[in-house]
Amino acid sequence: MTGNIMIVGVGGQGTLLASKLLGHVLLEQGYDVKVSEVHGMSQRGGSVVTYVRYGEKVASPVIDRGEADFIVSFELLEAARWLPYLKPQGQIVTSTQRLEPMPVITGAAEYPDRLVEKLRAAGAKVDALDCLALAERAGSAKAVNIVLMGRLSHYFGMDESLWLSAIEQVVPPKFLELNKRAFALGKNA
Amino acid sequence: MRQLMLGNAAVARGMYEAGCAIISSYPGTPSTEITEEAAKYSEIYCEWAPNEKVALEVAHGATLAGRRAGCAMKHVGLNVAADPLFTISYQGVNAGLVICVADDPGMHSSQNEQDSRHYAAAAKVPMLEPADSEEARVFAKRAFELSERFNTPVFLKMCTRVAHAQSVVEPGERTVPAQAPYVKDPTKVMMTVNSRNAHARVERRTLELIEYAETCDLNRVEMGDTKLGIITSSTSYQYAREVFGPGASILKLGLVWPLPEKLILDFAAKVDRLIVLEELDPVIEGHCKKLGLQVSGKDLFPICGEFSQNLVRECVGLDTPRFLTIPDPIPPRPPVMCAGCPHRGIFYILNKLHCMVYGDIGCYTLGALAPLNAMDLNVCMGASCSGLHGFNLAMGRAGESRSVGVIGDSTFIHSGMTGICDIAYNQTNSTVIILDNSITGMTGHQQNPTTGKNLRGEPAGKVDLEALCRALGFERVTVVDPYDLAAVERVVREELAADAPSIIISRRPCVMIKGTVHKPPITADTDRCVGCEMCMQIGCPAISVENGTVRIDPTLCVGCGVCAQMCDMGVLDGGAK
């Protein structure tokens with residue numbers, strides 16, 4: 001069986017570090033792992049998605065509609081955008097942050113209201129938390145990605161030390177303690 | 001040690017292990033990281049060339065001198081490098097030459113989705129196509145060996161989903177072959193009888209390569225259930241495995257030009273039904289049909305766009321997974337010009353003056369989006385200059401007085417120079433704006449000949465754009481600061497009215513360049529805001545209006561002050577003017 005995790009957000013939010021961390025942890029567990037992302041144009045504040053797949057042998061590098069076990073989202077609208085990619089019994093872990101896209105800023109479109117409720121009404125399990133506030137509590141607004149990974153880890157049976165050693169490998173030493181705090185705040189939220 | 005590696009990084013690793021000494025490239029998504037990752041190995045000399053033609057000629061020159069060399073480019077870059085490609089195929093190499101080319105099915109970051117395999121066939125150059133990172137590493141090494149064995153350049157073809165996917169790699173050691181001696185050989189001059197002989201050699205080489213393709217381990221048969229046989233390559237192989245499972249019969253091609261004949265016929269004979277699964281054009285399918293096989297391909301699967309497992313399932317009539325939706329429309333989130341982007345002021349004025357804008361390839365293509373709406377056309381690198389000249393030839397004064405070409409500094413060096421040379425030489429009163437932001441932005445901040453730094457960020461030669469434009473024949477060359485809207489408007493009006501060709505250089509470094517010192521964010525004096533939303537016309541992601549009042553996002557704003565110049569009420573004066 002292949003496990004499928006999507007990490008979604010807005011270009012510039014730090015989704016790449018989150019997928020790097022997750023990739024490390026899964027590889028360390030002995031899985032075959034594939035992590036896919038699109039570079040280039042979408043980095044400029046557009047909608048971004050990273051696919052993380054793991055299992056005994058992973059074939060396709062991408063996750064398709066109805067296949068994701070988890071969607072980890074940095075932003076509410078992005079969680080809603082990628083909802084069709086979730087398995088009907090899948091889990092969304094999302095920050096409650098709202099970032100308005102340009103069509104909303106210019107008034108050409110509306111940002112849907114009550115998104116968490118609507119995602120739940122559609123049948124998704126939704127774990128929504130204010131990751132920005134938790135990241136700031138840990139010491140930096142930029143640690144949202146690690147807060148989210150901490151929250152995701154809550155759903156896996158893996159040993160916490162695996163996550164912490166992966167954090168040591170992907171973040172610079174001077175930010176290590178901050179990121180460990182962010183991870184714990186997310187996990188225990 | 002097994003590790004996760006980006007496909008492009010694995011190509012770089014393979015080139016490193018093969019003892020590659022020199023890489024010359026022009027950046028282009030999804031190929032850029034090949035050269036950036038290779039540059040992390042101090043043993044490989046890596047450079048950014050002005051364009052792909054130059055890059056290929058540099059790499060080929062290095063192989064003539066006896067060292068293994070390579071270049072990397074995106075699919076449309078290969079169009080630029082096509083001229084040397086066809087004759088290098090004739091002339092051959094003196095050490096391995098590998099040309100990495102990355103296609104972009106689905107056009108995530110490209111203006112077309114051409115299929116590079118046609119170049120392999122047209123130039124008669126063998127092409128290897130890996131399906132994951134480990135194959136990318138191994139195939140890069142094999143490509144050098146093939147290049148030397150068959151005296152030919154060799155393509156290593158990537159696509160977005162292989163280039164930008166990380167998968168598990170087991171790196172090997174680097175082995176450096178001895179430098180092959182350079183010996184003058186009169187038959188290497190590609191003219192008359194030499195070229196005729198070289199062409200005949202290429203045709204013999206192709207026959208030898210087909211023979212090689214029949215038995216080489218780059219192509220492999222994975223036999224399973226014989227009701228259905230699938231011929232495939234690259235990322236399509238992964239979708240086939242995903243959909244049809246480990247028991248399916250698959251002929252996986254790693255050498256996609258030239259294609260084997262006996263191998264395919266033997267595989268076809270063992271299965272009841274044959275399908276070809278390939279993205280973009282029916283290249284393998286056409287080959288099978290020429291062999292007289294009954295095969296399904298583009299009758300089932302689309303030519304346009306990239307594949308996925310659900311697309312394959314749908315096309316062969318299998319069920320796709322159930323999924324959830326919400327009723328609300330989800331507003332799109334297109335990429336936007338960054339807050340403080342120096343291009344913004346230029347596009348705002350061009351839109352205000354109702355200019356016809358011939359754009360080019362780079363971040364500034366985003367000037368086409370609302371609310372700036374300041375781009376009419378674009379085609380390829382450099383077309384903003386030459387295309388504008390043609391437009392004005394046909395339109396006359398009515399065109400010259402309201403049309404501009406807009407091109408970035410790196411793109412200008414790539415192929416805008418020759419276009420403005422035509423403008424100056426053949427004299428249309430065309431106006432070209434060079435957006436000089438001191439970096440190659442869209443592909444992720446590479447240095448270029450105008451920045452004064454090389455690929456490793458060390459001091460290097462520097463093109464003087466003003467002097468270059470004057471030398472090409474422009475008497476009117478004006479430099480303007482794009483943060484100063486009044487100055488931009490004045491200069492654009494003057495140059496459109498001028499009775500001579502002109503160049504406007506809009507000069508401001510990209511705000512994303514590391515180490516750029518920004519001014520403090522603008523603070524809005526909201527008591528004075530009347531909610532007119534004039535500031536919204538520049539499409540800055542840091543500005544929004546909530547409950548009729550402007551709000552500046554201090555985490556995005558870099559204090560460029562362009563919005564303050566839009567505001568008559570003095571709400572946004574707390575920044576740079």
Side-chain angles (χ1 to χ4, degrees), chain A residues 2 10-12 19-20 23-24 27 32-47 51 57-62 64-67 77-78 80-81 83-88 90 99-113 115 118-119 121-124 141, chain B residues 2-4 6 29-30 32-33 108-110 132 160-162 164-168 235 237-243 246 308-311 313 320-338 363 365-366 369-371 442-444 533 536 539 541 543-545 555:
Chain A
T2 304
V10 178
S19 60
K20 197 172 173 189
H24 264 275
L27 194 68
D32 185 26
V33 181
K34 284 189 177 169
V35 178
S36 286
E37 60 225 5
V38 170
H39 304 205
M41 198 69 154
S42 58
Q43 285 180 323
R44 303 279 176 263
S47 171
Y51 306 104
K57 179 77 190 153
V58 178
S60 171
V62 298
D64 215 330
R65 283 186 315 278
E67 290 188 336
L77 183 64
E78 295 310 309
R81 181 185 317 286
L83 172 69
Y85 283 70
L86 191 69
K87 278 181 185 162
L99 287 174
E100 295 190 342
M102 195 49 71
V104 171
I105 290 176
T106 61
E110 263 186 53
Y111 196 108
D113 62 352
L115 274 175
K118 286 172 182 167
L119 291 171
Chain B
R2 67 197 276 276
Q3 53 183 280
L4 271 182
L6 197 67
T29 313
T32 311
E33 300 84 1
H108 297 280
S109 203
S110 302
D132 61 22
T160 300
R161 295 299 180 186
V162 177
H164 286 167
Q166 300 171 51
S167 59
V168 180
T235 191
Y237 166 77
Q238 308 291 3
Y239 301 136
R241 273 281 164 244
E242 188 77 30
V243 171
S308 70
Q309 47 267 39
N310 276 350
L311 178 134
R313 288 180 186 119
T320 53
R322 199 168 70 77
F323 60 91
L324 309 174
T325 53
I326 60 169
D328 299 57
I330 305 291
R333 190 186 299 275
V336 288
M337 272 185 192
C338 308
C363 285
T365 312
L366 296 172
L369 303 179
M442 181 90 272
T443 45
E533 300 198 0
M536 299 294 286
I543 308 175
S544 55
V545 171
T555 66

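The sequence lines fix the lettering, A, B, ..., with proteins before strands; numbering per chain opens at 1.
Of the listed residues (Thr320(B), Ile543(B), Thr325(B)), the greatest number of heavy-atom pairs within a distance under 4.5 Å of chain A belongs to Thr325(B). When each of Pro112(A), Gly107(A), Ser19(A), Ala80(A) is scored by its heavy-atom pairs under 4.5 Å with chain B, the top score falls to Pro112(A). Of all the listed residues (Asp328(B), Asn310(B), Leu311(B)), the one sharing the greatest number of non-hydrogen pairs under 4.5 Å with chain A is Asn310(B). Of the listed residues (Arg241(B), Glu533(B), Arg2(B)), the one with the most heavy-atom contacts under 4.5 Å to chain A is Arg2(B). With chain A as the partner, the residue from Ser167(B), Ala370(B), Pro327(B), Pro246(B) showing the most heavy-atom pairs under 4.5 Å is Ser167(B). If you tally non-hydrogen atom pairs under 4.5 Å between each of Met536(B), Arg322(B), Met337(B) and chain A, the highest count goes to Arg322(B). Comparing Ala124(A), Gly123(A), Ala109(A), Pro84(A) by how many heavy-atom pairs each has under 4.5 Å with chain B, the most go to Pro84(A). Note: Leu83(A) leads Thr2(A), Leu83(A), Thr106(A) in heavy-atom pairs under 4.5 Å with chain B. Note: Pro334(B) leads Pro334(B), Ser544(B), Pro30(B) in heavy-atom pairs under 4.5 Å with chain A. Chain B forms more heavy-atom pairs under 4.5 Å with one residue of Lys57(A), His24(A), Glu78(A) than with any other, namely Glu78(A).
Residue Gln309(B) comes nearest to Val243(B) through the heavy atom pair O-CG2, 3.4 Å, listed as atom of the first residue, atom of the second, then distance. What you find for Ile105(A) and Pro541(B) is that their closest heavy atoms are CD1-O, 4.1 Å.
At least one donor-acceptor pair closer than 3.5 Å links the side chain of Lys34(A) to the backbone N or O of Ala59(A). Judged purely by atom type and a 3.5 angstrom limit, Ser36(A) has no side-chain atom pairing as donor or acceptor with the backbone of Val62(A). At least one donor-acceptor pair closer than 3.5 Å links the side chain of Arg333(B) to the backbone N or O of Leu99(A).
With a 4.5 angstrom heavy-atom cutoff, Pro332(B) touches chain A via backbone and side-chain atoms both. Within the 4.5 angstrom heavy-atom criterion, only side-chain atoms of Val104(A), from C-beta onward, approach chain B. For Leu119(A), the parts sitting under 4.5 Å from any heavy atom of chain B are the backbone and the side chain alike. Contacts of Leu369(B) with chain A are absent, with no heavy-atom separation under 4.5 Å from either backbone or side chain. There is no contact between Tyr85(A) and chain B, counting heavy-atom distances below 4.5 Å. Contacts between Ser308(B) and chain A at a heavy-atom distance below 4.5 Å involve backbone atoms as well as side-chain atoms.
With respect to Glu67(A) and Arg313(B), a salt bridge is recorded, a charged nitrogen being found less than 4.0 Å from a carboxylate O.
Proximity of His108(B) to Arg161(B): side-chain heavy atoms (C-beta onward) are separated by under 4.5 Å at one or more points. Under the 4.5 Å side-chain criterion, counting only non-hydrogen atoms from C-beta, Ile326(B) is in contact with Leu115(A). When side chains are defined from C-beta on, Lys87(A) does not count as touching Pro321(B), because their heavy atoms never get closer than 4.5 Å.
Counting heavy-atom neighbours within 6.0 Å of Lys20(A) NZ, excluding the residue itself, gives a total of 12 or less.
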